[in-house]
Amino acid sequence: MLKGKNITFSYSDSAKGKIQILKDISFHINKGDFIGLIGASGSGKTTFIKHLNGLLKADCGEIFFEGQNIYEKKYPLSQLRKEVGLVFQYPEQQLFGRTVLKDTMYGPLNLGMSEQDAKKSAIDSLELVGITEEYYQMSPIELSGGQKRCVAIAGVLAMQPKILVLDEPTAGLDPEGRDKILQCISDLRENRGIGVVLVSHSMEDVANYVNRIIVMNKGSVMFDDEPKK
């Protein structure tokens, strides 16, 4: 579904010049995959996932979504960002809707869905992440940390992506909150059949849930295999 070949990327630094962040990375994400992307801080994980929906463009290499090269001149990146949903670290800091339901509807409405379809998609997504009707008319700021994160994830899910990419979704949560989020992600992947890429620095967090683990180190992919291997 989503494939990359020989992706290399550098940042420009006024003092140091070009700093290479990603080095010759190739990858594939298939329908229904649950991939754990792990590595130490600074290994290039967040930079890598920003390439998956075109937020960053590689210096060289190619990325294909459903057979099409996303770097072609007329490729619709806005459509790609609907299909490959990216949830940043601490996504609850981006909640701004007056109510939980309105916040979750924002993305679908922005994509051109009707009010009715956006509401249905939002409610379906909130139910998937365990946010029940009693919370719909509450302000997001009234929710617990774990609930806020679930609402933020629901907001991306409501856009009905084929691949969901989450950057450290358990960061800052207590053990119970961590387990709930991971189980929720596992459940929604089973319910919707979407591909999931879960970024973490903790092997323990992801090994019990994912079917593949990609290990990054210093901008390169060191391993890509089943957790037990």
Side-chain angles (χ1 to χ4, degrees), residues 1-4 27-39 45-46 48-53 55 63-66 79-92 94 104 107-108 111 120-132 145-171 173 175-216 221 223-229:
M1 187 184 294
L2 186 64
K3 294 182 179 180
F27 65 91
H28 65 280
I29 302 166
N30 299 320
K31 181 179 170 71
D33 265 345
F34 194 169
I35 297 171
L37 179 65
I38 69 169
K45 302 186 300 297
T46 299
F48 170 53
I49 63 170
K50 286 179 179 178
H51 283 75
L52 300 184
N53 71 351
L55 286 179
I63 295 177
F64 297 86
F65 181 70
E66 296 187 332
Q79 178 64 21
L80 177 68
R81 288 167 191 158
K82 172 185 178 295
E83 306 280 19
V84 183
L86 184 54
V87 181
F88 289 106
Q89 196 172 7
Y90 301 110
E92 62 273 18
Q94 299 163 6
T104 312
L111 291 173
K120 184 182 184 308
S121 188
I123 289 172
D124 289 346
S125 299
L126 287 165
E127 286 177 352
L128 274 176
V129 299
I131 301 296
T132 53
Q147 288 171 328
K148 286 178 182 176
R149 198 153 305 175
C150 285
V151 170
I153 292 170
V156 175
L157 281 177
M159 293 187 280
Q160 302 174 6
K162 292 179 179 175
I163 296 174
L164 180 65
V165 184
L166 302 116
D167 190 4
E168 305 249 13
T170 61
L173 298 179
E176 183 182 0
R178 260 201 324 270
D179 290 342
K180 280 184 178 177
I181 288 284
L182 290 170
Q183 189 58 55
C184 163
I185 293 164
S186 180
D187 289 346
L188 69 87
R189 173 236 179 184
E190 286 188 21
N191 289 328
R192 286 209 175 169
I194 62 176
V196 175
V197 178
L198 174 67
V199 178
S200 178
H201 61 267
S202 170
M203 176 72 90
E204 293 79 11
D205 270 0
V206 299
N208 292 327
Y209 294 91
V210 303
N211 66 304
R212 269 173 59 207
I213 288 181
I214 296 174
V215 183
M216 291 190 67
V221 170
F223 304 100
D224 180 354
D225 215 324
E226 298 172 6
K228 63 181 181 181
K229 291 183 179 178

Novice: Nearest 0.5 Å please: distance from the NE2 atom of His28 over to the CZ atom of Arg212.
Specialist: 3.5 Å
Novice: Is any side-chain heavy atom of Pro161 closer than 4.5 Å to a side-chain heavy atom of Glu83?
Specialist: no
Novice: Side chains of Ile29 and Val165, heavy atoms from C-beta outward: is any pair under 4.5 Å?
Specialist: no
Novice: Quick one: CG on Leu166 to CD1 on Ile185, what's the gap to the nearest 0.5 Å?
Specialist: 4.5 Å
Novice: Where do Arg81 and Asn53 land on the side-chain contact (heavy atoms from CB on, under 4.5 Å) test, with the steps shown first?
Specialist: CA-CA 5 Å; Arg81 288 167 191 158; Asn53 71 351; 3.7 Å; yes
Novice: Using 0.5 Å steps for rounding, measure from the CG atom of Leu111 to the CD atom of Gln79.
Specialist: 8.0 Å
Novice: For Arg189 versus Val196, what's the shortest heavy-atom pair and its separation?
Specialist: CB-CG2, 3.9 Å
Novice: Carefully, step by step, assess Val206 and Ile38 under the rule side-chain contact (heavy atoms from CB on, under 4.5 Å).
Specialist: CA-CA 9 Å; Val206 299; Ile38 69 169; 3.9 Å; yes
Novice: Could you tell me the separation between the CZ atom of Phe27 and the CG atom of Leu2, rounded to the nearest 0.5 Å?
Specialist: 4.5 Å
Novice: So which heavy atom on Val156 is nearest to which on Gly85, and how close?
Specialist: CG1-CA, 3.6 Å
Novice: Can you tell me how far apart CG (Asp225) and CG (Asn211) are? Round to the nearest 0.5 Å.
Specialist: 10.5 Å
Novice: Of all heavy-atom pairs between Leu198 and Pro169, which one has the smallest distance, and what is that distance?
Specialist: CD1-CG, 2.9 Å
Novice: Check Ala158 against Thr104 and note the closest heavy-atom contact, atom names and distance.
Specialist: CB-O, 3.7 Å
Novice: Heavy atoms only: give me the nearest Leu37-Lys45 pair and the separation to one decimal.
Specialist: O-CD, 3.7 Å
Novice: Ile35 versus Val210: any side-chain heavy-atom pair under 4.5 Å?
Specialist: no
Novice: Distance check, rounded to the nearest 0.5 Å: Asp179 atom CG versus Asn208 atom CG?
Specialist: 9.0 Å
Novice: Side chains of Leu86 and Leu52: does their closest heavy-atom pair fall under 4.5 Å?
Specialist: no
Novice: Dump the intermediate steps for side-chain contact (heavy atoms from CB on, under 4.5 Å) on Met1 and Phe65, then the final yes or no.
Specialist: CA-CA 6 Å; Met1 187 184 294; Phe65 181 70; 3.8 Å; yes
Novice: Can you name the closest pair of heavy atoms from Met203 and Ile213 and give their distance?
Specialist: SD-CD1, 3.3 Å
Novice: Between Val129 and Val151, is a side-chain contact (heavy atoms from CB on, under 4.5 Å) present by the stated rule, with each step listed?
Specialist: CA-CA 8 Å; Val129 299; Val151 170; over 6 Å; no
Novice: Is the backbone of Ser121 close enough, under 3.5 Å, to the side chain of Ser125 for a donor and an acceptor to pair up by distance?
Specialist: yes
Novice: For the pair Arg192 (side chain) and Leu157 (backbone), establish whether a donor and an acceptor sit closer than 3.5 Å, ignoring hydrogens and angles.
Specialist: yes
